[in-house]
Structures are given as structure tokens and as C-alpha cells.
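As the structure is a computational prediction, the values presented were derived from the model and not from experiment.
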Amino acid sequence: MKSFLAFLVAMGIIVAMGDAACSIMPQRPGKVYRGCVWNGKLYPLGHIERTEDCLSCDCSRTVMTCCAKFFTPVQYDKENCEVVFNEERCDYDVVQKNDPSKMCYPVARVG
């Protein structure tokens, strides 16, 4: 019974954190848009594969929906490892503090 309860709590956390990776921004009704504005930059209507801040977005005349293209590390050896964002790949690397050229394993992520 304890393991079932732990499973339910873990799944609840995963679902709650997973939903946090997307944002919705409604567009003002009645205005004519050539696209959507996100963080001060105009994006065209339609699908945007990657924004400057590593999001995948869909832009329509009524709403802009953006989701992160990366998963955030939540479980790793925090004493010996650190998290570094790799802008080129739009992903987090978990590397050893004493040798950043070496990755840390295992790592659990949420997105």
C-alpha cells in the first residue's frame, strides 16, 4: 500500500511539473496581427520550431502557445555535479563540478 501511495504522489508531481513547461498568451481581439509577440520579438503566424529562448511555439491570430524544447534536471548528484544550459542544443547538461567535460549519470528530468 505504501508503494502505491508513493507512486500516486510521484505521478502527481510529474503531471504538475510537466504542464508548467508550456505557456499560453492570448492575442488582443480586434487587432490585425502579422504574427505574435513573445519577449519583445515578432514571430510569424504558424509554427515556430525554435525561438531565441529555446521554445517551440504555435502562433495564431487569437493565441500564442509556447512549450520548452528542453527537460529540466531534477534528480542528480547535487554534491558532485552541476547543471549548465547549452544554448546551442537548447538543453541542460549535468556535468561534474571538478571536470565539466564529463557528464553525470543518472539524471532524472521533467519537462
Side-chain angles (χ1 to χ4, degrees):
M1 183 67 172
K2 286 183 182 180
S3 59
F4 180 71
L5 180 60
F7 172 77
L8 286 178
V9 170
M11 292 310 293
I13 291 170
I14 289 170
V15 168
M17 293 179 91
D19 289 346
C22 293
S23 300
I24 298 172
M25 181 177 289
Q27 301 296 305
R28 292 186 183 174
K31 290 226 175 195
V32 178
Y33 285 99
R34 295 179 299 156
C36 299
V37 177
W38 188 269
N39 286 342
K41 183 172 179 182
L42 179 67
Y43 290 95
L45 292 171
H47 181 71
I48 299 101
E49 184 59 35
R50 178 181 168 177
T51 65
E52 289 178 352
D53 46 357
C54 294
L55 301 174
S56 174
C57 300
D58 288 298
C59 169
S60 74
R61 295 193 185 282
T62 58
V63 69
M64 184 169 188
T65 305
C66 293
C67 297
K69 294 183 66 76
F70 51 87
F71 296 95
T72 305
V74 291
Q75 275 189 323
Y76 57 93
D77 181 355
K78 292 180 173 82
E79 186 176 314
N80 297 309
C81 302
E82 63 184 348
V83 177
V84 178
F85 191 72
N86 184 323
E87 290 183 25
E88 186 177 309
R89 287 193 356 253
C90 283
D91 198 9
Y92 287 103
D93 291 331
V94 182
V95 296
Q96 294 180 9
K97 288 181 180 179
N98 61 355
D99 186 355
S101 68
K102 294 182 181 176
M103 302 296 280
C104 290
Y105 300 100
V107 176
R109 299 171 182 255
V110 296

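Residues forming a ring-ring contact (aromatic ring centres under 6.0 Å, His included) with Tyr92 (at least two apart in sequence, or on another chain): Phe70, Phe85. With sequence neighbours excluded, no residue forms a salt bridge (Lys or Arg N to Asp or Glu O under 4.0 Å) with Glu87. The side chain to side chain donor-acceptor pair (under 3.5 Å) check on Glu52 picks up Lys41, with sequence neighbours excluded.
Lys97 has no carboxylate O lying under 4.0 Å from a charged side-chain N of Glu79, or vice versa, which leaves the two without a salt bridge.
Arg50 places a side-chain heavy atom less than 4.5 Å from the side chain of Cys54. Between Ser56 and His47, the closest side-chain pair of non-hydrogen atoms falls below 4.5 Å. In this structure, Tyr76 and Cys104 have side chains that are not in contact, with every pair of non-hydrogen atoms separated by 4.5 Å or more. Two residues are said to be in side-chain contact when any heavy atoms from C-beta on lie closer than 4.5 Å; Pro73 and Val83 meet this criterion. Between Val95 and Glu82 there is a side-chain heavy-atom pair separated by less than 4.5 Å.
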Disulfide (SG to SG under 2.5 Å) evaluation trace for Cys57 with Cys67: CA-CA 6 Å; Cys57 300; Cys67 297; over 6 Å; no
Side chain to side chain contact (heavy atoms under 4.5 Å, CB included) assessment of Met64 paired with Gln27: CA-CA 7 Å; Met64 184 169 188; Gln27 301 296 305; 3.9 Å; yes
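Between Val74 and Lys78, the shortest heavy-atom distance links the atoms O-NZ, 3.0 Å. The nearest pair of heavy atoms linking Cys59 to Pro44 is CB-O, 3.5 Å. Closest approach of Ser60 and Cys36 over heavy atoms only: O-SG, 3.5 Å.
Arg61 CZ to Leu45 CG: the interatomic distance, rounded to the nearest 0.5 Å, is 5.0 Å. For the atom pair Thr65 OG1 and Ile48 CD1, the distance stands at 10.0 Å (nearest 0.5 Å). From Cys81, atom SG reaches atom CG of Asn98 across 8.5 Å, with rounding to the nearest 0.5 Å. Here CG of Asp58 is found 13.5 Å from OH of Tyr43. Values are rounded to the nearest 0.5 Å.
Hydrophobic cluster membership is shared by Val84 and Tyr105, with clusters built from Ile, Leu, Val, Met, Phe, Trp and Tyr side chains linked at under 4.5 angstrom. Linking ILVMFWY side-chain heavy atoms closer than 4.5 Å, directly or via other members, places Met25 and Leu55 in a single hydrophobic cluster.
Shown here is Gln96, whose CD atom has more than 12 heavy atoms of other residues, nucleotides or ligands within 6.0 Å.
Per the SG-SG cut-off, Cys22 and Cys66 are not bridged by a disulfide [distance not under 2.5 Å].
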